[in-house]
Number of protein chains: 2
Amino acid sequence: MGTADVTEETAGGEEKPWGEVTPEAARRLLVAAVEAFAERGYHATTTRDIAGRAGMSPAALYIHYKTKEELLHRISRIGHDKALEILRSAAEAEGSAAERLSAAVRSFVRWHAGHHTTARVVQYELDALGAEHRTEIVELRRQSDAAVRRILNEGVAAGEFDVPDVPGTTLAVLSLCIDVARWFNTEGRRTPDEVGALYADLVLRMVGVQK
Amino acid sequence: MGTADVTEETAGGEEKPWGEVTPEAARRLLVAAVEAFAERGYHATTTRDIAGRAGMSPAALYIHYKTKEELLHRISRIGHDKALEILRSAAEAEGSAAERLSAAVRSFVRWHAGHHTTARVVQYELDALGAEHRTEIVELRRQSDAAVRRILNEGVAAGEFDVPDVPGTTLAVLSLCIDVARWFNTEGRRTPDEVGALYADLVLRMVGVQK
DNA sequence: ACAGCCTCTAAGCGCTTGCTCACCCTCGGG
DNA sequence: CCCGAGGGTGAGCAAGCGCTTAGAGGCTGT
């Protein structure tokens with residue numbers, strides 16, 4: 001089955017939300033689930049609600065997904081993959097540590113703001129996953145942590161950053177970015193780009209870079 | 001069995017865990033609910049689970065609380081009151097803006113780490129409240145926002161801080177502090193005091209204060 | 001044409017949920 | 001001694017839950 005790669009790079013303009021989910025009906029169900037989970041939370045969402053949003057009968061869900069938890073897992077997995085990829089591609093680019101940190105925070109935050117419904121599910125419904133699926137996802141988060149910590153360490157080694165507590169600052173930077181998914185609102189006055197720029201600036205200050 | 005052994009005293013203030021909840025049985029139920037909500041979330045917690053943790057039958061809950069949602073409201077209200085009071089007393093103290101900001105962040109974070117089970121319910125189960133209760137709580141959060149923004153504005157006016165975007169930075173500071181409740185773990189290697197100190201330092205850097 | 005397959009539905013099963021109700025216990029004041 | 005009041009319980013109700021099953025409908029290849 002699975003054709004592969006999850007990576008569909010958002011080049012410049014177009015963006016197809018969940019293109020990698022292949023049977024069209026399965027994609028509709030998944031999109032409906034993301035909306036419902038983000039709005040009411042996993043446990044408060046019923047399978048009937050998901051199917052209803054997708055314009056299908058409750059039973060249709062079980063043709064494409066074994067359980068409601070599998071739906072959450074798929075969402076969480078794809079979302080984490082995408083978030084991690086975004087972080088990494090910025091972190092592994094060329095340039096000074098300050099430039100890479102700035103780019104990583106900017107794009108990571110922009111994703112959390114722009115896809116805040118998905119991000120909310122991805123970041124805040126982790127406990128609803130079964131034990132096995134959860135450990136799989138936790139491993140992905142460890143990799144996000146490692147990516148950020150690496151930039152900080154390199155910045156310190158190069159004398160660019162002044163960071164007394166690298167693990168603690170790594171935690172704080174990621175926490176700051178992730179929490180964007182909680183408060184960001186499309187009707188608010190800031191665009192994802194603006195929040196990304198603001199946060200990149202704030203994080204550079206946290207590591208002692210003057211502008 | 002359960003004696004009132006839960007007394008965690010924070011030096012510097014008279015504080016009994018949930019002393020203001022008056023019938024003893026009601027207090028036990030509320031403490032049980034905080035634990036359960038923090039562990040599994042509001043919607044995944046059953047009234048039977050809460051009653052069971054308090055050593056009572058499921059029906060006992062309804063002698064002291066009209067609904068499960070009222071329990072959440074009581075917890076949320078008391079928790080927000082306490083968090084806001086902690087923020088305010090630091091914010092309205094004497095001293096420079098930098099000193100007050102540092103103290104506010106330190107104590108706010110310390111509370112979120114030390115009482116992370118309560119804080120998790122208070123900060124992340126807001127959507128589970130009914131409409132009326134939610135707007136009441138949202139007003140309290142607006143006041144937290146105002147308290148922090150005031151310090152930032154005063155610091156900028158006094159020339160202590162360099163903050164281009166005061167509302168945005170206010171949001172970021174509060175977001176950073178609040179998210180502590182999500183990741184903090186008692187078994188981790190940091191104490192609430194250490195996290196508070198680290199975060200106070202990071203926030204001072206965010207507003208452009210050199211140490 | 002039609003068999004084989006996949007998608008989707010109507011109906012519903014077994015179970016759990018939030019919550020209720022009739023009744024029992026304990027206890028202080030006459 | 002009885003009394004009434006209020007905290008507590010066992011049993012259980014109506015509703016809603018995740019999920020299953022039997023079968024209808026519509027493609028495709030021969």
Side-chain angles (χ1 to χ4, degrees), chain A residues 1-3 18 21-37 39-76 121 125 127-134, chain B residues 1-4 18 20-37 39-76 121 125 127-134:
Chain A
M1 47 196 336
T3 66
W18 293 94
V21 183
T22 34
E24 166 61 16
R27 202 192 64 94
R28 261 164 51 218
L29 284 164
L30 193 135
V31 169
V34 169
E35 282 174 17
F37 291 163
E39 245 174 60
R40 311 143 111 85
Y42 174 81
H43 289 291
T45 299
T46 69
T47 55
R48 282 167 239 263
D49 182 20
I50 297 169
R53 285 177 194 242
M56 299 166 121
S57 88
L61 198 152
Y62 294 91
I63 294 161
H64 303 281
Y65 303 95
K66 226 160 51 184
T67 62
K68 179 179 153 190
E69 194 265 354
E70 188 193 316
L71 245 176
L72 176 62
H73 172 59
R74 282 273 234 285
I75 294 167
S76 198
V121 178
E125 299 291 353
D127 293 343
L129 287 170
E132 296 169 25
H133 287 159
R134 183 164 53 244
Chain B
M1 49 178 79
T3 56
W18 292 95
E20 58 266 63
V21 183
T22 34
E24 165 63 17
R27 201 192 65 93
R28 261 164 51 217
L29 283 164
L30 192 136
V31 169
V34 169
E35 283 173 18
F37 291 163
E39 247 172 58
R40 311 144 113 85
Y42 174 81
H43 289 291
T45 299
T46 69
T47 55
R48 282 168 239 264
D49 182 19
I50 297 169
R53 286 178 195 240
M56 300 163 121
S57 88
L61 199 153
Y62 293 91
I63 295 163
H64 301 282
Y65 302 95
K66 226 161 52 184
T67 63
K68 179 180 153 189
E69 194 264 356
E70 188 192 316
L71 246 177
L72 176 62
H73 171 58
R74 282 272 235 284
I75 293 168
S76 199
V121 178
E125 298 292 352
D127 293 341
L129 287 169
E132 297 169 23
H133 286 160
R134 183 164 53 244

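Computed from heavy atoms alone, side chains included, the values below leave out hydrogens, waters and symmetry copies. Each chain gets a letter, A, B and so on, in the order its sequence line appears, and its residues count up from 1.
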Student: Which one, D:dG18, D:dG12, C:dC8, comes nearest to the side chain of A:His64?
Tutor: C:dC8

Student: Separation of B:Tyr62 atom OH from D:dA11 atom P, in whole Å?
Tutor: 19 Å

Student: Work out which heavy atom in A:Gly55 is nearest to a heavy atom in A:Arg28; give both atom names and the distance.
Tutor: O-NH2, 4.3 Å

Student: Could you check if a side-chain atom of A:Leu61 sits within less than 4.5 angstrom of a side-chain atom of A:Met56, using non-hydrogen atoms only?
Tutor: no

Student: Kindly point out which of C:dC8, D:dT9, D:dG18 is positioned nearest to the side chain of A:Lys68?
Tutor: D:dG18

Student: Just the rounded figure in Å: distance from P of C:dT17 to CD1 of B:Ile50.
Tutor: 11 Å

Student: At 4.0 Å (heavy atoms only), tell me whether A:Thr46 reaches a base, stays on the sugar-phosphate, or touches nothing.
Tutor: sugar-phosphate

Student: Find the distance B:Leu71:CG to C:dG18:P and express it as a whole number of Å.
Tutor: 11 Å

Student: Please report, rounded to the nearest Å, how far the C1' atom of C:dG18 is from the CZ atom of B:Phe37.
Tutor: 12 Å

Student: Are B:Arg40 and B:Asp49 ion-paired here, with the side-chain N under 4.0 Å from a carboxylate O?
Tutor: yes

Student: Looking at A:Phe37, is A:Lys68 sitting on its ring face, NZ or CZ under 6.0 Å from the six-membered ring centre and within 45 degrees of the normal?
Tutor: no

Student: Can you tell me if A:Glu24 has over 12 outside heavy atoms packed within less than 6.0 Å of its CD?
Tutor: yes

Student: Taking the minimum atom-to-atom distance to the side chain of B:Ala59, which one of D:dG8, C:dG18, C:dC21 wins?
Tutor: C:dC21

Student: With respect to the side chain of A:Arg48, which nucleotide from C:dC8, C:dG18, D:dC17 is positioned closest?
Tutor: D:dC17

Student: Starting from P on C:dC6, measure out to CD1 on A:Ile63 and report it in whole angstrom.
Tutor: 12 Å

Student: Given atom CG of B:Asp49 and atom P of C:dC19, what is their separation to the nearest angstrom?
Tutor: 15 Å

Student: Relative to the 5' end of DNA chain D, which residue comes earlier, B:Ala60 or A:His43, by the nucleotide with the nearest heavy atom?
Tutor: B:Ala60

Student: Does C:dC8 have its OP1 or OP2 closer than 4.0 Å to a side-chain nitrogen or oxygen of A:Ser57?
Tutor: no

Student: Would you kindly give the CD-to-P distance between B:Glu70 and C:dG18, to the nearest whole Å?
Tutor: 15 Å

Student: Roughly how many Å is it from OH in B:Tyr65 to C1' in D:dG7, rounded to a whole number?
Tutor: 14 Å

